[in-house]
Amino acid sequence: MAVLAAIVWDVDGTLAETERDGHRVAFNLAFEAFGLPWRWDERRYGDLLRVTGGRERLLADMAAHVDAPAGAGERERLAAALHARKNTIYAEQLRSEGIALRGGVAALIEQARERGLRQAIATTTSRSNLDALLRLHYGAQWHQRFGAVVCGEDVRRKKPDPEAHLQCLRLLSLDARRAVAIEDSPMGAAAAHAAGLPVVLARSCYFADAEAGPAVAAGPGLHTRCGWEPMARRGERDGPITLEDIEAWYLTRGR
Ligand code: XBP
Ligand code: MG
């Protein structure tokens, strides 16, 4: 029987709740800095999250603005400039205000490290955003914890396309059946599943009601063993999701 050898982590929404109070706020400050009247409230941003990638999200939103540039090239340039400014603001925000990892994340990363599992990152976010987040929690050498790191810039097609996960598996030289992906959103789960990875869906605030879809398990977050479907292993009701829970769900793949 195959043994779990690796965890492939998503970033936004999975490692930390970075969207509502991080990226969204930084996008709004970028609009302000560019003298644009556009603002994304929580609800609008939640709708826009269906579009993965910040630049792509900006372009999708411009379609709804009569005051957006008319030409495609001009829109592309504006989206790229806004996106770059947003990422600078986001990194500054993280440096000055910090952002917590979601409950259970640090403990699971540590358990996996102690047990010799390989760990990787497959994200749609920009490398600078990932660096800002992980530098905060693991220092400048954070990348030493991960055998592969694939970001938005590294792929041609973002989630729900499986390209980031497939690239991760290639870099790890690992068969998808030996790893588990942890994702927070239906788009992320679809991407990992399409790459052949069993998925654990730890729903984030914007996806609290998301369907389990192809996930081997879905629940409210790694901070609790309550509310998961299927249930976390019997007999241990309290505390965060453990590596043993992940391994038990992993063994149900393909059933
Ligand atoms: C989530 C995304 C990203 C972020 C913003 O990525 O879709 O676009 O919202 O980051 P994931 P950028 O869940 O795969 O980590 O502005 O750098 O795209
Ligand atoms: Mg995510």
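In listed order, ligands and their atoms are each counted from 1.
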Return yes if a side-chain donor-acceptor contact under 3.5 Å exists between Thr242 and Asp245, otherwise no.
yes
Is it the side chain (CB and beyond), the backbone, both or neither of Glu19 that lies under 4.0 Å from ligand 1, heavy atoms counted?
side chain
Report yes or no: does Asp184 have an N/O/S atom closer than 2.8 Å to the Mg ion (ligand 2)?
yes
Arg57 touching ligand 1 at heavy-atom level, < 4.0 angstrom:
yes
Which atoms of ligand 1 have any heavy atom of Tyr45 under 4.0 Å away?
9 (O)
Any atoms of ligand 1 less than 4.0 Å from a non-hydrogen atom of Asn129? List them with their elements.
10 (O), 12 (P), 17 (O)
Could you tell me whether a side-chain N or O of Glu17 sits under 3.5 Å from a main-chain N or O of Cys205, the two making a donor and an acceptor?
yes
N/O donor-acceptor pair under 3.5 Å between His165 side chain and His193 backbone
no
Per-atom contacts, ligand 1 versus Val11 - under 4.0 Å to a heavy atom:
15 (O)
Relative to the heavy atoms of Thr123, which atoms of ligand 1 are at a distance of less than 4.0 Å?
6 (O), 11 (P), 14 (O), 15 (O)
Where does Glu183 meet ligand 1, judged by heavy-atom distances below 4.0 Å: at the side chain, the backbone, both, or neither?
neither
For atom 12 (P) of ligand 1, which of the options His83, His23, Arg50 provides the nearest non-hydrogen atom?
His83
Counting N and O atoms only, with roles assigned by atom type, does the side chain of Tyr250 sit under 3.5 Å from a partner on the main chain of Val216, one being a donor and the other an acceptor?
no
Would you find a donor on one side and an acceptor on the other, under 3.5 Å apart, between the side chain of Trp40 and the backbone of Val25?
no
Three-point angle Asp12:O, the Mg ion (ligand 2), Asp10:OD2, rounded to the nearest 10°
90°
Which atoms of ligand 1 sit under 4.0 Å from any heavy atom of Gly53?
7 (O), 8 (O), 18 (O)
Aromatic ring proximity Phe27/Trp38, centre distance under 6.0 Å:
no
